[in-house]
Amino acid sequence: MTEEEAVAAAELEERARKLLTGRVEFLLSAPQLKFLPEPVVPEIAFAGRSNVGKSSLLNALTNRKSLARASVTPGRTQELNFFEVGEPLAMRLVDMPGYGFAKAPLKVVERWKMLVRDFLRGRQVLKRTLVLIDSRHGVKDVDRDMMKLLDEAAVGYRLILTKADKIKASELAAVQAATEAEARKHVAAYPTVHATSAEKGMGIPELRAAILFDSET
């Protein structure tokens, strides 16, 4: 990285920090597409298996304690939850229903799947989806199913490793390499994999910058 590139990266990180730790407010929950807010600003969606750490990552990115409520019960997020960012409004963050292991009736799970699929395919302001992967487990088949859905919907996405502080550095490097190899198999996946820890703050500034970059491109 050149000196100019380093300066530009630092400036982007600082702008992203100010934005994402500034005004962030819950807007609404949409159980069906008809309840979606007007598509007036760029949106960044968060997807991941139940208990992957989605709520904790959202809280870390926005420097909040309970913006998105974490839960030990898999499948708690059953709707598309929208959060407004910035004053004036600059973007929205979308917390999508967790997939896999959801402790819910099959009909409910199928309804979630349809909601997510239709949202991904029809939301023109959706700039990027972040697919969260638990560092301790790596990419699972249910993650590949979501990646395939995103590929088919032509929605660009980044793979984000969560809970990176829970494993050794050598193990993390191996998981990151394997995840990047998986990303190369998918047409809509961004090649760089971000390793994060909501608890320790690892990778949070860089991910904020990536989110801002994605929202502006």
Side-chain angles (χ1 to χ4, degrees), residues 8-48 52-71 76-98 115-116 118-120 122-133 146 150 153 155-162 188 190 192-217:
E11 289 177 348
L12 182 63
E13 281 189 13
E14 180 59 15
R15 281 204 300 124
R17 183 193 66 78
K18 287 182 177 179
L19 178 63
L20 286 163
T21 64
R23 176 189 172 267
V24 182
E25 295 180 2
F26 173 74
L27 175 61
L28 58 81
S29 293
Q32 300 176 38
L33 293 184
K34 65 181 180 181
F35 296 109
L36 295 180
E38 288 297 314
V40 293
V41 290
E43 294 172 354
I44 304 292
F46 290 72
V52 74
K54 199 147 43 74
S55 295
S56 297
L57 185 64
L58 276 164
N59 289 335
L61 288 167
T62 57
N63 196 30
R64 304 302 203 274
K65 289 187 177 180
S66 58
L67 178 74
R69 287 186 230 164
S71 172
R76 175 168 179 161
T77 306
Q78 302 178 17
E79 303 168 337
L80 296 168
N81 293 311
F82 287 79
F83 300 88
E84 296 198 323
V85 179
E87 187 63 65
L89 180 61
M91 73 168 83
R92 292 192 184 113
L93 305 179
V94 188
D95 186 9
M96 295 169 60
L115 174 65
V116 168
D118 292 345
F119 170 72
L120 291 173
R123 195 69 170 171
Q124 292 185 343
V125 293
L126 181 60
K127 292 289 189 175
R128 190 82 72 199
T129 295
L130 308 183
V131 179
L132 278 51
I133 309 290
M146 172 55 76
L150 289 160
V155 175
Y157 58 95
R158 294 177 183 267
L159 299 181
I160 313 297
L161 294 174
T162 62
Y190 195 80
T192 302
V193 172
H194 297 259
T196 66
S197 165
E199 188 174 323
K200 303 293 185 182
M202 172 185 173
I204 298 301
E206 294 84 358
L207 184 54
R208 285 183 186 135
I211 289 171
L212 180 57
F213 176 82
D214 289 345
S215 74
E216 295 179 340
T217 55

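Bear in mind the structure is a predicted one, so any value in this text is a computation, not a measurement.
Expressed to the nearest 0.5 Å, how far CG of Leu115 lies from CG of Leu120 amounts to 9.0 Å. Between the OG1 atom of Thr129 and the CD1 atom of Ile44 there is a distance of 8.0 Å, given to the nearest 0.5 Å. The structure places CG of Leu93 at 11.5 Å from CG of Leu27, a figure rounded to the nearest 0.5 Å. Atom CZ of Phe46 is separated from atom CG of Asp95 by 8.0 Å, given to the nearest 0.5 angstrom. Atoms OG1 and CG, from Thr62 and Leu57 in turn, are 9.0 Å apart once rounded to the nearest 0.5 Å. Atom CD1 of Ile160 sits about 5.0 Å away from atom CG of Leu130, to the nearest 0.5 Å.
By the 4.5 Å heavy-atom criterion applied to side chains, Met96 and Leu80 are counted as neighbours. In this structure, the side chains of Leu36 and Arg123 come closer than 4.5 Å at one or more pairs of heavy atoms. Two residues are said to be in side-chain contact when any heavy atoms from C-beta on lie closer than 4.5 Å; Val52 and Ile133 fail this criterion. Under the 4.5 Å side-chain criterion, counting only non-hydrogen atoms from C-beta, Phe119 is in contact with Glu43.
Closest heavy-atom contact between Pro42 and Ser215: CG-O, 3.4 Å. Nearest heavy atom pair, residue Pro31 against residue Glu79, reads CB-OE2, 3.6 Å. Annotation for Met146 and Ala47: closest pair CE-CB, 4.3 Å, computed over non-hydrogen atoms. Here the closest heavy-atom approach between residue Arg158 and residue Tyr190 is recorded as NH1-CE2, 3.1 Å. Nearest heavy atoms, Leu12 versus Phe213: CD2-CB, 4.1 Å. Here the closest heavy-atom approach between residue Pro97 and residue Val116 is recorded as CD-CG2, 3.6 Å.
At distances below 3.5 Å, not a single donor-acceptor pair connects side-chain atoms of Arg92 with backbone N or O atoms of Glu84. Judged by distance alone, the side chain of Arg208 and the main-chain N or O of Leu61 form a donor-acceptor pair under 3.5 Å. Using a distance-only test at 3.5 Å, with no hydrogens or angles considered, no donor-acceptor pair links the side chain of Thr196 to the main chain of Met202.
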- Message: Evaluate Asp214 against Ile211 for side-chain contact (heavy atoms from CB on, under 4.5 Å), listing each step before the verdict.
- Response: CA-CA 5 Å; Asp214 289 345; Ile211 289 171; 5.8 Å; no
- Message: If you apply the rule side-chain contact (heavy atoms from CB on, under 4.5 Å), what do you find for Asn63 with Ile204, and how did you get there?
- Response: CA-CA 10 Å; Asn63 196 30; Ile204 298 301; over 6 Å; no
- Message: Using salt bridge (Lys or Arg N to Asp or Glu O under 4.0 Å), reason through Glu216 and Lys127 one step at a time and then give a plain yes or no.
- Response: CA-CA 9 Å; Glu216 295 179 340; Lys127 292 289 189 175; over 6 Å; no
